[in-house]
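Here the structure is laid out as structure tokens; the discussion comes afterwards.
Chain A is the first sequence line, chain B the second, and so forth, proteins listed ahead of strands; every chain is numbered from 1.
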Amino acid sequence: MSTVKMEESQLLEWVDKLIALQRVIGVQEKQDHFVYDTLRSASDLRLDHDVTYLPPVKFLFPQREQLIDFKLDEGYESRIESEPFVLLGVHPYDVVAISQMDAIYSTGHEDQHYMSRRRNATIIACDVETPSKNTFAGYMGTATVKEGFDVLLTRIESEYIAEAGSEKGEALLTLVSEGVTSATADHLARREEVWRNNVDKMKQQELKVDPRDWPALLQASYSDPIWEAQANLCFSCGGCNLVCGTCACFDVQDQLNWDLREGTRSRVCDACMVRGFMQVAGGHDFQSQRGMRYRHRFFRKGSYIPERFGFVACTGCGRCTSACVSDIANPVKLYNTLLERHPEVFAHRAEEPAPTQAQETKAPTSVFTLYPTKGWVSKKEGERRDIYLPELATLVRSNPITPTETFYQFSLDSGRALGHEPGQFVMISVMGYGEAPFSITSPPRDDDTFDMVIRKVGTVTTALANLQRGDKVGVRGPFGTAFPVYDELLHKDLVIVAGGLGIVPVRSVILYVLSHREDFGRLTIAYGMRTPSERLFVDDLRRFRREPGVTLLETVDRTEGRWTGSVGPVTTVLPEIGPVTSNTRAIVCGPPVMYRFVLSDLLAMGMPEDHIFLSLERRMKCGLGKCGHCQIHGLYACQDGPVLKYSQLVGLQEAL
Amino acid sequence: MEKPRVAIFDFAGCEGCQLQIINLEEEILVLLQLVDVVEWREGMSHQSSSYDIAIVEGSITRPEDAERLRSIRRQAKWLIALGSCATHGGVNKLRHLLDFDIAAEQVYGEAASQTHLQSEHVRAINEVVDVDSYVFGCPIDAREFAKVVKAIVFGKRPEIPEYPVCVECKLQGIICRYEYGEVCVGPLTRAGCDARCPSAGFRCFGCRGLLEDANVEAAREVMDRYGKTTDELEARMALFNTL
């Protein structure tokens, strides 16, 4: 790869040539701040900027973007942007942030909307000339970069060194004017010096905790009252999230045109600090307190992302610090305070050099690195598809089974079988109203139909209730983990404990087991409902009661009419499930409040933690581990769940 | 599908929000294809007592207003509160900071004693009757109004943000007014206006009302950080958020 040196005038000439070729988004001054904006002339470029108000990743993951155009009843079409553009003036900490976003959006299911823009982007980075007052990139290993850019510019007095970091960058450098020469060994040595100096220059805020130690420090601080105390000053405005270069969460919204027939589905940057981020349609908010959300942001960046991707999702830019009106967002202050409050975490290292100095010389103390070393994985063209694009399905039939719940049968228009396993969920779209996750209540089938039972609680469920036979919906999925009826549960005695709507996903298991009776042992079903008239699947229940080898234990919270059965919570009937042996496996599914009591009873009956399977409800929005709404500590309910073993959740306070 | 019948009513207010509806111009023609407007003093001469959607502007300041509003509520299947005066009282409630008689005299002079000018404690619409939808703002944003009506016609709950104006500032990269040494009530105020005032270089005046969970205590605490006093904060909040 080439490394050339240019006079400033030659650099500007080169930039003007780029501007003539394609859209160049460069750093400019606007009022008294720096911003990325379309560059009209190289003379507007400000490579001496300290930091931009918003990070350059907003041009890859915009604040609002249209994902899909839809026509009700006709179909949906992805909108994928493919205009090439240049991002010019990207500081090293932002180059790293973009690499992190690449990892998040390309790992597993590739996000085509982001990645198409990314593939069309050329990144011209530049080393920092003026450090911003809140930066701590020097401690984060992000003050300089060796990769992740197409071209890297470094100012050395009145000259610039430009190094190509990719074929794309190499091609751009062929556009430099005549007279530009290769950088000499002396230039390169002086660049090394700039890099060394920049590590120190980018330590404007003194961070006393090596980022590699953040996860351990956070784990020790989970129950610290500091989260709530700090959050008392939080406006839940999400400012820290929205100016962050590594915040990747989003919400999805439908807009309808005036004709009420066509519209678009968009995604907007979302913020986990904003109230309702983890609220489900029924109203339960898994992070209803400011303190919980405030802690979540730090844990997501300093623990959950490192666990999952191997890097700390902070690059030390200091934007959150600047954006926070209350001055509670600054990671440096927070981690330094945590260190003071929890010195025991690093007590065993007392003999070793202090972590911050160790960073440059010592090997990482934990398994992860500071940022992704490999760029995104390029997938073959044919493997790319829009993971957010639903396929059409038709409502075959629907009938109300209680005053609030309706049974729906859909068939996929493609004729394919859904191919789900018991316990999985699908995302159902009623275009114009939105998309929501629902459990599948039918067992795996060979034909193109599947069934759901849905309670009318929100916008999408109300829209579903108004559908007529033959109406279209969008379907994505199946998603998530299943109850392992094909392996771990085979030949086991099963105890199924369901409360309320929890019967919906486990019905899929029950029906599967009943049609493969020889593959399973005894089946005991404990089902609790609020009142007798609200019981779901009464015909099924009648049938279960008659099946040989099946015990059905029912109970209701409140009796009414001629109910002669048990009254009380579902735990009332648990003593009747019979002896728990090493061959027994439990499946538990119900409202959040039910789990604690049922689990403690099952454990008391001698059931090991890894013999209990649960299904958790969360606000799945994308179903693919991208949007961030269903996070439970380091787990994504949509990918690692919804079905989880209790042993996976022990110690995870936010899970149950 | 039969078009929903819409009636628009006004109480104490400047009628500026209704004017905003008229300002929709082209879009209003599209909107009129979705609904039948059967009563609108500001926009038409015809009156009707039969309607599905009632759009109510202004605050309730007299007993007879409250009675009229209740009768509107009885008629309407869906009631929309239009603009700050209707949604939470808005500037009308500034009067609560004054002695009523003095205020009346300042405004009406010698006429202050006339019976039709007698007024009582100012109430927002939802302090008198149940409200189904809100269109916030002083004045309302006409496009948001159109969005709300469209959603109702489509049978969808209108999505009105319940987060601070700061969200919309940050999304647009608008520099925080606190950086300019101003006391902005954006952190306490319901968004949805696309940060209209900050994007024009003004602080947020709080016209869309305080958020349900507005962290007023935090705002008091941070005044010190900017060399401001809680009195200054309260003075800024008073314009649209006097109780």
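Contacts between Asp254(A) and chain B at a heavy-atom distance below 4.5 Å involve backbone atoms as well as side-chain atoms. With a 4.5 angstrom heavy-atom cutoff, Leu31(B) touches chain A via backbone and side-chain atoms both. For Ser326(A), the parts sitting under 4.5 Å from any heavy atom of chain B are the backbone and the side chain alike. Heavy atoms of Cys324(A) lying under 4.5 Å from chain B belong exclusively to its backbone. If you measure heavy-atom distances from Ala463(A) to chain B, you find no contacts under 4.5 Å at all. The part of Ala214(B) that comes within reach of chain A is its backbone (N, CA, C, O), which places non-hydrogen atoms under 4.5 angstrom from that chain. For a residue to count as touching a neighbouring chain, one of its non-hydrogen atoms must lie under 4.5 Å from one of that chain's; by this rule Ala146(B) touches chain A with backbone and side chain alike. Heavy atoms closer than 4.5 Å to chain B are found nowhere in Val35(A), neither backbone nor side chain. Looking at Asp327(A), the atoms closer than 4.5 Å to chain B (heavy atoms on both sides) sit in the backbone and in the side chain alike.
Highest contact tally toward chain B, considering only Leu256(A), Asn232(A), Thr52(A), Val460(A), is held by Leu256(A) [criterion: heavy-atom pairs under 4.5 Å]. Between chain B and the options Arg290(A), Arg64(A), Gln255(A), the largest number of non-hydrogen pairs under 4.5 Å is found for Arg290(A). In terms of non-hydrogen atom pairs under 4.5 Å with chain A, the most contact-rich of Tyr178(B), Tyr163(B), Tyr226(B) is Tyr226(B).
When the shell of 6.0 Å around OH of Tyr180(B) is examined, it contains more than 12 heavy atoms from other residues, nucleotides or ligands. Counting heavy-atom neighbours within 6.0 Å of Asp32(A) CG, excluding the residue itself, gives a total above 12. Other residues, nucleotides and ligands place no more than 12 heavy atoms under 6.0 Å from the CZ atom of Arg143(B). By the 6.0 Å contact criterion, CD on Gln253(A) is enclosed, its count of non-hydrogen atoms from other residues, nucleotides or ligands being greater than 12. Shown here is Leu243(B), whose CG atom has no more than 12 heavy atoms of other residues, nucleotides or ligands within 6.0 Å. Heavy atoms of other residues, nucleotides or ligands lying less than 6.0 angstrom from NZ of Lys456(A) number 12 at most.
The CG atom of Leu260(A) sits 10.5 Å away from atom CD of Gln33(B), with the distance rounded to the nearest 0.5 Å. Annotation: the span from Ser322(A) atom OG to Glu179(B) atom CD amounts to 7.0 Å, rounded to 0.5 Å. Atom CZ of residue Arg157(B) and atom OG1 of residue Thr462(A) lie 9.0 Å apart, to the nearest 0.5 angstrom. From Gln279(A), atom CD reaches atom CD of Glu162(B) across 10.5 Å, with rounding to the nearest 0.5 Å. A distance of 12.5 Å separates CD1 of Ile174(B) from NE2 of His33(A), quoted to the nearest 0.5 Å.
You'll find the side chain of Val325(A) reaches within 4.5 Å of the side chain of Cys176(B), heavy atoms only. Side-chain contact check for Glu212(B) versus Arg275(A): some heavy-atom pair is nearer than 4.5 Å. Residues Val216(B) and Phe235(A) have side chains not in contact (no heavy-atom distance under 4.5 Å, counting atoms from C-beta outward). The shortest side-chain heavy-atom distance between Gln172(B) and Gln63(A) does not fall under the 4.5 Å cut-off. Between Trp258(A) and Leu34(B) the shortest side-chain heavy-atom distance falls below 4.5 Å.
Ring geometry, Phe154(B) versus Tyr433(A): the interplanar angle falls under 30°, so the pair is classed parallel (tilted spans 30 to 60°).
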Open item on the list: Cys269(A) vs Leu171(B), test: side-chain contact (heavy atoms from CB on, under 4.5 Å). Steps then yes/no.
Closed with: CA-CA 8 Å; Cys269(A) 290; Leu171(B) 283 171; 4.1 Å; yes

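Listed here is the closest heavy atom pair of Val243(A) and Lys170(B): CG1-CD, 3.8 Å. The two atoms that bring Val167(B) and Cys237(A) nearest to each other are CG2-O, 2.9 Å, heavy atoms only. Here the shortest heavy-atom pairing between Cys234(A) and Ala218(B) reads N-CB, 4.5 Å. What you find for Glu221(B) and Leu233(A) is that their closest heavy atoms are CB-CD2, 3.4 Å.
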